[in-house]
Amino acid sequence: MADAKETIVIIGGGVIGCCTAYYLTRHPSYDPTRHSITLIEATRLASGASGKAGGLLAQWAYPASLVPLSFDLHRELAADHDGATAWGYRPIRCGKLTAHDRSLPNPADARGDDKPAGGLAAWAVRQLNAWNPLGKQREVQKVEKYLAPVENLPEDLDWFRKECVTKYEDIAPAAASETAQVNPYQFTNAMARLAEERGVKILVNSPVEELIYDDDDDDNDDNSMGSGATPHGGAGRIRRVKAVSYVDKATAQAVTIPATTIILAAGPWTPVLFPMLPMSAIRAHSVTIRPRRPLAAYCLFTELTVPHNPDPSPDERRDPDPARQQQQRPRQTNGNHHARPAAGTRLISPEVYTRPNNEVYIAGEGDSRAPLPATTDEVEVDRAACQTLVDALSSISDELRDAVVTGRRACYLPTVDLPSGGPLVGPSWVAGLLLATGHSCWGIHNAPATGKLVAEMVFDGRALSADIDALDPQLAV
């Protein structure tokens, strides 16, 4: 960058934006007397998926161009800033658990696979596609070297009812150093604090209204980069960033700040400011619960056969009556299986993460039943979807059944509608505008690498620590 004063604006206070702010301030060329960095967030830091995700770090994540670098950077950040204490960083054992609701017979005793219309197993297979996984389990299935079935549950998984578990497989033993975890909300906020200590100005409750740009053709009077923005500004024109306009909610006033570089890291809301991107959003639900005692460090991908009402009413799906829901909960049997009709079951696949603060995080499926709202404050939580998670895990674990539910949440994951699957990281076709978005379910894992590489693009003119040519946003149009 030139010696003149440079103004860098990061839009988005999630994990990508906060890690980018952190690595900008750690770059050797960063000079707070010459470089002004402002991070603008519409609501609160980590108010979207960055504060509601599971926090799994895994060497099988995608894309391959970011994963190894980011896994190593997470370990370095934890060592440099006491991540074990500050954001719950630790290695974690990862496995796959297959089980069935305690009120159902063991699937091994209800073999209907070879019958065209019958049997619990056949029904479960037909119902599998009804569950929309978020993407991690698909990648797990590609990792085969640790898939060695064991006869019994590991001793420290004593919080599951053995008679409900039909299979456990190790995916990544903790000793293999291939999986770890963080608390995403704590990690994101820690990165923001560390960046702020180095001079980054953070503005919250400040929704960005528009990006403002300049053309080198003075006859062009339209300086806003709205829905009409295209990859090319016309013959002889070079579009470049000029400023950012946002609303200060405290004063209800519109504010415009100059920008020589804009980094757009707004997750699923990125197309609101840059509409031509091939991006969409998927909603995901999660639940946090607090058990009676600390549980061993595990990330579990589950396959659970549970009772199922195939045609719940819209009211039951959105806001179930507590009394009716209690009646529909699986009957607790103290270990005795009371079979239900096989046609009333389905197969679901929640992800279960234990955390060092005696919290268990349970991730549900993705859905598109509710469109992306204007802000994270307006995200609609489907309580029935959350209750499905609570009921399913309660049915196979007394510890989780007796735990206290501490949160029911929903968030939106940004997905890139390209064969590559994204994300989009790098310069756009607008001079000075960089994109760092579309990380889907692996945003927490890939945030450090994204931030470091974007910092290199800003100060060195190109990514140095990894080859991410395939993530070039200009390939998306």
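Values below: every heavy atom of this structure, side chains too, minus hydrogens, waters and symmetry copies. For reference, positions follow the sequence shown, starting with 1.
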*Which distance, rounded to the nearest 0.5 Å, do you find between the CD of Glu456 and the CG of Leu453?*
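Output value for this atom pair is 5.5 Å.
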*Taking atom NE2 of His285 and atom CG of Asp382, what is their separation to the nearest 0.5 Å?*
4.5 Å
Determine yes or no for a side-chain-to-main-chain donor-acceptor pair under 3.5 angstrom, with [X] supplying the side chain and [Y] the backbone.
| X | Y | value |
| --- | --- | --- |
| Thr179 | Ile92 | yes |
| Asn446 | Tyr62 | yes |
| Thr437 | Ala265 | no |
| His445 | Val67 | yes |
| Thr25 | Ala195 | no |

Between [X] and [Y], is any side-chain donor less than 3.5 angstrom from a side-chain acceptor?
| X | Y | answer |
| --- | --- | --- |
| Thr288 | Arg409 | yes |
| Thr43 | Thr375 | no |
| Thr415 | Ser280 | yes |

Give a yes or no on this: more than 12 heavy atoms of other residues, nucleotides or ligands lie within 6.0 Å of atom [atom1] of [X].
| X | atom1 | answer |
| --- | --- | --- |
| Arg293 | CZ | yes |
| Glu378 | CD | yes |
| Tyr185 | OH | no |

*asked:* Testing Arg193, His81, Lys452 one by one against Tyr22 for a side chain to side chain donor-acceptor pair (under 3.5 Å), which residue passes?
replied: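 So, applying the side chain to side chain donor-acceptor pair (under 3.5 Å) to Tyr22 and each of Arg193, His81, Lys452, only His81 qualifies.
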*Any idea which heavy atoms bring Asp101 and Ser395 closest together, and the distance?*
OD2-CB, 3.0 Å
*Trace of the salt bridge (charged side-chain N to carboxylate O under 4.0 Å, His left out) decision for Arg102 with Asp398*: CA-CA 11 Å; Arg102 70 181 73 194; Asp398 292 343; 2.9 Å; yes
*Just grab all the ring-ring contact (aromatic ring centres under 6.0 Å, His included) pairs involving residues 344-376, residues at least two apart or on different chains.*
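Every ring-ring contact (aromatic ring centres under 6.0 Å, His included) pair that includes a residue of residues 344-376, provided the two are not neighbours, is Tyr353-Tyr361.
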*Can you pull the ring-ring contact (aromatic ring centres under 6.0 Å, His included) pairs that have at least one residue in residues 400-420, sequence neighbours excluded?*
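Residue pairs passing ring-ring contact (aromatic ring centres under 6.0 Å, His included), neighbours aside: none found.
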*Could you walk me through whether Lys96 and Glu303 pass salt bridge (charged side-chain N to carboxylate O under 4.0 Å, His left out), step by step?*
CA-CA 8 Å; Lys96 180 179 177 181; Glu303 288 188 357; 3.4 Å; yes
